[in-house]
Amino acid sequence: MVTSQSNPKTIDPRGLIACPECDLLIRGTDPGPGVKTLCPRCGCTLFQVKKDSIERTLVLSLAGLILFVPAMVLPIMTLDAMGIERTSNILQGIKALFQDGFHMVAMVVLLTAVIVPFLKLLLLFYVSVAIRIKANLSNPALGFRFYQRLDEWGMLEIYMLGILVSITKLTDLAHVSYGIGLFCFVSLLAIPLFSSVTFDKHQYWALIGRSADK
Amino acid sequence: MAKEQLTAREAGLIQCLDCHLLTAKGHGIMETHCPRCGAKLHFRKSTSLARTWALLISSLILLFPANLLPIMTVTYLGEKQPNTIMDGIEHFIQSGSYFIALLIFFASILVPVFKVMGIILIMISIQKKWKTRLRHKTLMFRFIKFIGRWSMLDIFVIAIMVALVNLGTLTAIVPAPAVTYFATVVVLTILAANTFDTRLIWEDTK
Ligand SMILES: [Zn+2]
Ligand SMILES: [Zn+2]
């Protein structure tokens with residue numbers, strides 16, 4: 001069993017780290033949990049040790065996976081104008097873009113608001129299970145690399161802002177009410193917010209490296 | 001302090017950009033993979049400047065149709081009206097939603113332009129070897145990378161409105177050509193920020 005406290009020195013066996021933004025070599029220091037280490041030359045955050053990062057991320061990503069389907073499928077809001085009611089969720093927006101012939105834009109929205117956020121949760125859950133529960137899951141390193149590359153392409157928080165803008169835009173035109181989908185969506189959004197507070201990628205890499213050595 | 005000024009490259013170490021492990025560069029080996037995560041290792045991102053230039057110039061060209069052409073067609077009570085990004089912002093100002101107007105102005109106009117211009121400026125400074133304000137340039141790039149994604153806002157707003165405002169032939173919102181150009185600009189600028197290697201700013205600066 002691997003202990004939950006990881007030594008930041010495991011970032012490199014020689015105790016050295018390089019700044020990802022300016023390539024400066026720095027001797028690995030040993031800060032306590034919550035302490036941020038900054039690059040002395042360019043000021044980028046090198047690492048920040050966090051407590052119980054993997055356990056918390058495991059639970060949060062599982063919660064996210066459960067909330068995901070209702071957030072996508074249930075109606076987010078309902079427009080009531082001139083006696084006609086229209087409900088909308090993310091998938092219907094994508095479908096409408098497709099039907100109007102804007103396939104490329106529809107694909108971009110599908111990737112950034114549905115597929116990538118889902119894959120991110122799935123990969124994070126998979127890697128956390130592979131590290132913590134130690135099932136013989138194959139290749140957590142590849143999974144985590146894929147997660148990091150996808151990270152910025154998941155844009156649910158921007159979609160949420162889009163919902164708020166649309167509500168403001170439509171309130172003078174018609175009556176807008178909220179659906180249950182919106183509540184699932186907001187809870188889903190809170191998850192990456194929490195997990196980025198407890199998330200420590202260096203701890204993941206240190207543990208992935210350790211299990212690969214055995 | 002002299003020892004602290006050594007970079008990984010000068011010490012013969014390659015940093016993995018995926019997992020941050022340092023690996024010694026083997027002799028005579030053309031290509032190395034990270035022993036921990038399997039990613040390809042390079043001292044610097046390969047052909048970073050050429051790729052970033054290509055992506056930025058394409059974005060710069062596409063910014064024109066994205067801003068000048070209508071991004072959606074609003075039909076209200078049978079009256080068709082094409083709307084550009086700027087028209088949308090004007091609507092918000094007229095209806096008194098100043099905050100939303102400012103938000104859309106930032107996300108759709110200011111951020112893409114600032115992003116393209118900012119990275120171009122940093123790249124010119126690298127190629128002309130202007131070795132000043134290194135920390136400012138790094139900070140500016142970090143900021144550009146952080147805000148760049150938020151330009152997707154208008155695309156998402158359109159995706160929501162198109163599905164919701166579809167009340168027969170009398171009142172409807174339909175996307176217009178600029179939406180494709182704009183989405184392409186956002187994707188290309190995110191890719192440009194990824195192909196750019198910030199370590200080039202700090203190269204040979206002692
Ligand atoms: Zn640095
Ligand atoms: Zn690696």
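Keep in mind it's a predicted model, so treat the numbers as computed, not measured. Lettering follows sequence order; numbering is per chain, from 1.
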query: Just by modelled atom types, is the B:Val186 backbone N or O under 3.5 Å from a matching donor or acceptor in the B:Thr189 side chain?
result: yes
query: With no hydrogens and no angle check, is any side-chain donor or acceptor of B:Lys131 less than 3.5 Å from a backbone partner on B:Glu203?
result: yes
- prompt: Which bit of B:Leu139 comes within less than 4.5 Å of chain A, counting heavy atoms only: side chain, backbone, both or neither?
  reply: neither
task: With side-chain contact (heavy atoms from CB on, under 4.5 Å) as the test, would you mind laying out the steps for B:Leu68 and B:Thr84 before giving the verdict?
output: CA-CA 7 Å; B:Leu68 298 175; B:Thr84 61; over 6 Å; no
query: What option among B:Val162, B:Thr138, B:Ile160 has the most heavy-atom pairs under 4.5 Å with chain A?
result: B:Ile160
query: Side chain, backbone, both or neither: which part of B:Leu200 has an atom under 4.5 Å from a heavy atom of chain A?
result: neither
- request: Using non-hydrogen atoms and a 4.5 Å limit, figure out which bit of B:Ala193 sits close to chain A: side chain, backbone, both or neither.
  value: neither
- prompt: Can a donor-acceptor pair be found between the side chains of B:Thr195 and B:Thr52 at a distance below 3.5 Å?
  reply: yes
- prompt: Looking at B:Arg36 and B:Asp18, does any basic side-chain N land under 4.0 Å from a carboxylate oxygen?
  reply: no
task: Answer with side chain, backbone, both or neither: which region of A:Asp23 has an atom nearer than 4.5 Å to a non-hydrogen atom of chain B?
output: both
- request: Kindly state whether the ring of B:Phe141 and the ring of B:Phe196 have centres lying under 6.0 angstrom apart.
  value: yes
task: Name the region of A:Phe102, side chain, backbone, both or neither, that has any atom closer than 4.5 Å to a heavy atom of chain B.
output: side chain
message: So which residue, A:Cys44, A:Ala96, A:Cys42, ends up with the most heavy-atom pairs under 4.5 Å with chain B?
response: A:Cys42
field: Pair A:Arg132-A:Ser128, side-chain donor/acceptor within less than 3.5 Å
entry: no
task: Heavy atoms only: give me the nearest A:Thr87-B:Leu164 pair and the separation to one decimal.
output: C-CD1, 3.9 Å
field: Within the 6.0 Å centroid threshold, strictly below: A:Tyr147 and A:Phe144
entry: yes
- prompt: Are B:Arg149 and A:Glu157 close enough for a salt bridge, meaning some N to O gap below 4.0 Å?
  reply: yes
- request: Identify which part of B:Arg9 has an atom lying under 4.5 Å from any heavy atom of chain A, answering side chain, backbone, both or neither.
  value: both
message: So for A:Met155, is it side chain, backbone, both, or neither that comes closer than 4.5 Å to the heavy atoms of chain B?
response: both
- request: Indicate the atoms forming the closest heavy-atom contact of A:Leu46 with A:Cys19, along with that distance.
  value: CD2-CA, 3.7 Å
task: Under 4.5 Å, counting heavy-atom pairs only, tell me which of B:Met152, B:Met161, B:Arg142, B:Lys145 racks up the most with chain A.
output: B:Arg142
field: Options A:Ala18, A:Ser88, A:Ala141, A:Gly93, ranked by heavy-atom pairs under 4.5 Å with chain B, top entry
entry: A:Ala18
- prompt: So which part of A:Ile76 gets closer than 4.5 Å to some heavy atom of chain B, the side chain, the backbone, both or neither?
  reply: neither
message: Counting heavy-atom pairs closer than 4.5 Å to chain B, which one of A:Lys169, A:Glu21, A:Arg149 comes out on top?
response: A:Glu21
- prompt: Where on B:Phe182 is there a heavy atom nearer than 4.5 Å to chain A: the side chain, the backbone, both, or neither?
  reply: neither
field: Part of B:Ile14 lying under 4.5 Å from any heavy atom of chain A
entry: neither
- request: Name the region of B:Leu153, side chain, backbone, both or neither, that has any atom closer than 4.5 Å to a heavy atom of chain A.
  value: both
query: Short question: side chain of A:Gln92, backbone of A:Asn89 - any donor-acceptor pair under 3.5 Å?
result: yes
query: Among A:Ala106, A:Cys22, A:Gly162, A:Ala113, which residue forms the greatest number of heavy-atom pairs with chain B at distances under 4.5 Å?
result: A:Cys22
Among the listed options B:His91, B:Lys137, B:Arg199, the residue most often paired with chain A at heavy-atom distances under 4.5 Å: B:Arg199
- request: Against chain A, label B:Tyr76 side chain, backbone, both or neither, depending on which of its atoms sit under 4.5 Å from a heavy atom there.
  value: side chain
task: Compare every heavy atom of B:Leu6 with every heavy atom of B:Ala11, then report the nearest pair and how far apart it is.
output: CB-CD2, 3.9 Å
task: Sort out for me which of B:Ala163, B:Pro177, B:Ser95, B:Cys34 touches chain A most, counting heavy-atom pairs under 4.5 Å.
output: B:Ala163
query: Just checking, is any N or O donor in the side chain of B:Gln81 or B:Asp87 under 3.5 Å from an acceptor N or O on the other one?
result: no
message: Quick check for you: among B:Ala39, B:Gly38, B:Gly88, B:Cys16, which has the greatest number of heavy-atom pairs under 4.5 Å with chain A?
response: B:Ala39
task: Tell me, for B:Thr171 versus chain A, whether the close heavy atoms (under 4.5 Å) come from the side chain, the backbone, both or neither.
output: side chain
query: At a heavy-atom separation under 4.5 Å, does B:Asp154 approach chain A through its side chain, its backbone, both, or neither?
result: neither
